[in-house]
Amino acid sequence: MRFSHTLSKTPFLAPIMASGSVSGSASLVWFRKGLRIHDNPALEYASKGSKSVYPVFVIDPHYMEPDPNAFSPGSALAGLNRIRFLLESLVDLDLSLKKLGSRLLILKGEPSEVVIRCLKEWDIKKLCFEYDTEPYYQALDKKVKDYASTAGIEVFSPVSHTLFNPVDIIQKNGGRPALSYQSFLKLAGQPSWASSPLSISISSLPPIADVGSCEITEVPTVEELGYRDYEQDELTPFRGGESEALKRLRESISNKEWVANFEKPKGDPSAYAKPATTVLSPYLKTYTNVDLSHHCICILCFVTLPFSPFLISLQFGCLSSRYFYQCLINVYKNVKKHTSPPVSLVGQLLWRDFFYTVAFATPNFDRMKGNRICKQIPWNNDDELLAAWREARTGYPWIDAIMVQLRKWGWMHHLARHCVACFLTRGDLFVHWEKGRDVFERLLIDSDWALNNGNWMWLSCSSFFYQYNRIYSPVSFGKKYDPNGNYIRHFLPVLKDMPKQYIYEPWTAPLSVQTQAKCIIGRDYPKPVVSHDSASKECKRKLGEAYALNQKLNGQVSEDDLKDLRRKLEEDKEQESGSRRQKQKL
DNA sequence: CGACGGTTGGACGC
DNA sequence: GCGTCCAACCGTCG
């Protein structure tokens, strides 16, 4: 089967003929990510030679239950938009499985306990699930695999979420991950499966046998999970699920020019699809009609990034990154010239693998302490500043508008992500990147453990990127793209009548102008929490000192060392302001 | 050890 | 819209 079918409406036909085999036994497919039928080796293997297949998804209440103390609607770990996106993906998966004569079995509880109970109850002989490199799944899967091995159950756990097996690449490099993109490219080379067909179509599945005493439910709605009093305008226009992802993918790759010429775009972080109303359906319609060439300037950089459901869908695995890769290569074959990594579309997929690989090889990748590749920096612990950033009241309209978009849409342009991440950490507020990471993780519908942590380290100059003198200006960066401030006016309606010349710095507007615009700074919209000029200078000074300490101690910076550095920085600051006062006296 | 390049900074001059 | 300077970081490679 050649890949040239990709562009046609008919999907590849590499059907798995498995049903009807009477001699087989029962298999369980455990879905976690990889919420798809196409290119799903775990599902394919389970269905081969089994007389019955149980497709299972376990809802962990810890992940889904409403948390009344959270700063926005959602659970402690996931915002409502993220939860909805996941549920939509599950509904779509259930529908697809039903078309194949099966269905998705939803169970609730601690996932390893639930899966082990199912293995016993259903007399499972084969357990199949996608391999996952995240520490959470590594620990979870160990419990389940340990049980399976004592019970004599075969476990099949293929790598199918990324282009490469991170283990292979780390081994090639003598046990250490590449820390730069270029060295990663050299190590990685071509994926082994690049020119062989992926299994992207299944004609039928073996049936589900008796479910015994296990409690099975349908995919719950957000209301059934206990979410009731949320604002309609806080709901994302993005829809989850494999069907939508594949549809969008096919539409996008049918534009060969766009795929071939995709280049690190001069992306416009202020571009957004202007909703006609707050009602969702026309909103969605407007958005899906947006010209992809302008808006799908999607870099997978901060997570996956994209203004497009098919790229967002990589996260939950509604779309296979390998299938996407093959589609892109297929387009490249049919055009005279095309762009290359890091700027090409394939280059974006490789960024994703880059972060997965380094994350897998780095203990404590999601924190500063004990993280070999992370600079030890004396971030402050200012909850007031953090809250101002999180709640879109820093007083910098460009920053606040982006934070509103994050909350409402669960998505913003990658350069917009850069701006707010830089502002929170090394640029202005000097708040710990882990705090910002938590907010993104919860609110982004495309957040991903490896990419999110990697990019927060990148933006905070903790790893990968170290040019801490380059700071995004919370005023001029956005102005470059959107001098009229339309993006700000949209997401911060309180500023909608502020004249163009003050929209990025409304505190500089004369009181008469503020009155005219019906927005008094300090009353209707906050004054800046810090002065960017002095705050950014201060940040550079602290980063310089912290880097020097890291170098001096060869990365072995203890908590006491950081405490000492904090004290020193405070003293220097007082001395400086003291000498400034003296100068003024003289 | 030194040179080189790094997916996307800002300000300024032209 | 492009080049230059600013100041000068890091990992990689020879």
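Chain letters run A, B, ... following the sequence lines, proteins first, then strands; residues in each count from 1. FYI, side chains are in, hydrogens and waters are out, and symmetry mates aren't considered; it's all heavy atoms of this structure.
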(request) Let me know the distance between CH2 of A:W458 and C1' of B:dT8, rounded to the nearest Å. (result) 10 Å
(message) In this structure, how many angstroms lie between the C1' atom of C:dA8 and the CG atom of A:L543, rounded?
(response) 13 Å
Filtered N/O pairs between nucleotides 10-14 of chain C and protein, under 3.5 Å:
residue: C:dT12; atom: OP1; partner: A:L179; partner atom: N; Å: 3.2

(message) For A:K479, is the NZ atom crowded, meaning more than 12 foreign heavy atoms sit under 6.0 Å from it?
(response) yes
(request) Taking atom P in both B:dG5 and C:dT4, compute the distance separating them and give it to the nearest angstrom. (result) 16 Å
(message) Between C:dA7 and B:dG6, how far apart are the two C1' atoms, rounded to whole Å?
(response) 16 Å
(message) With rounding to the closest Å, how many angstrom separate the P atoms on C:dA8 and C:dT12?
(response) 23 Å
(request) Pick base, sugar-phosphate or nothing for A:F465, based on heavy-atom distances below 4.0 Å to the nucleic acid. (result) nothing
(request) With sequence neighbours excluded, tell me which residues meet side-chain hydrogen bond (donor to acceptor under 3.5 Å, both in side chains) with A:R82. (result) A:Y63, A:S447
(request) Could you check whether the rings of A:W398 and A:Y487 sit parallel, tilted or perpendicular, using 30° and 60° as the cut-offs? (result) tilted
(request) Using a heavy-atom cut-off of under 4.0 Å over every strand shown, decide if A:K480 touches base, sugar-phosphate, or nothing. (result) sugar-phosphate
(message) Distance check needed: C:dT4 P versus A:R470 CZ, whole Å only.
(response) 15 Å
(message) Expressed as a whole number of angstroms, how long is the span from A:K537:NZ to C:dA7:P?
(response) 13 Å
(request) Return the nucleotide paired to B:dG9: Watson-Crick means purine N1 to pyrimidine N3 with N6-O4 or O6-N4, wobble means G-U with N1-O2 and O6-N3, both under 3.5 Å. (result) C:dC6
(request) Could you tell me which residues satisfy salt bridge (Lys or Arg N to Asp or Glu O under 4.0 Å) with A:D383, sequence neighbours excluded, listed by chain and number? (result) A:K435
(message) Could you tell me how far apart A:N455 (CG) and B:dT7 (P) are, to the nearest whole angstrom?
(response) 12 Å
(request) Compute the ring centroids of A:F354 and A:F464, then answer whether they are less than 6.0 Å apart. (result) yes
(request) Look through every strand shown and name the nucleotide pairing with C:dT12 as Watson-Crick or G-U wobble, where both distances are under 3.5 Å. (result) B:dA3
(request) Mind telling me whether A:W379 and A:H432 have parallel, tilted or perpendicular rings, with 30° and 60° as the class edges? (result) tilted
(message) By nearest atom, which of the nucleotides B:dG10, C:dA8, B:dT7 is closest to the A:N469 side chain?
(response) C:dA8
(message) Rounding to an integer number of Å, can you tell me how far A:W351 CH2 sits from B:dG6 P?
(response) 10 Å
(request) Write down the distance between NZ (A:K540) and P (B:dG9), rounded to a whole number of angstrom. (result) 13 Å
(request) Among the candidates B:dT8, B:dT7, C:dC9, find the nucleotide nearest to the side-chain atoms of A:H418. (result) B:dT8
(request) Nearest whole angstrom, please: distance from the C1' of B:dT7 to the NE2 of A:H413. (result) 12 Å
(request) Look at the rings of A:H338 and A:Y332 and say which category their plane angle falls in: under 30° parallel, 30 to 60° tilted, over 60° perpendicular. (result) parallel
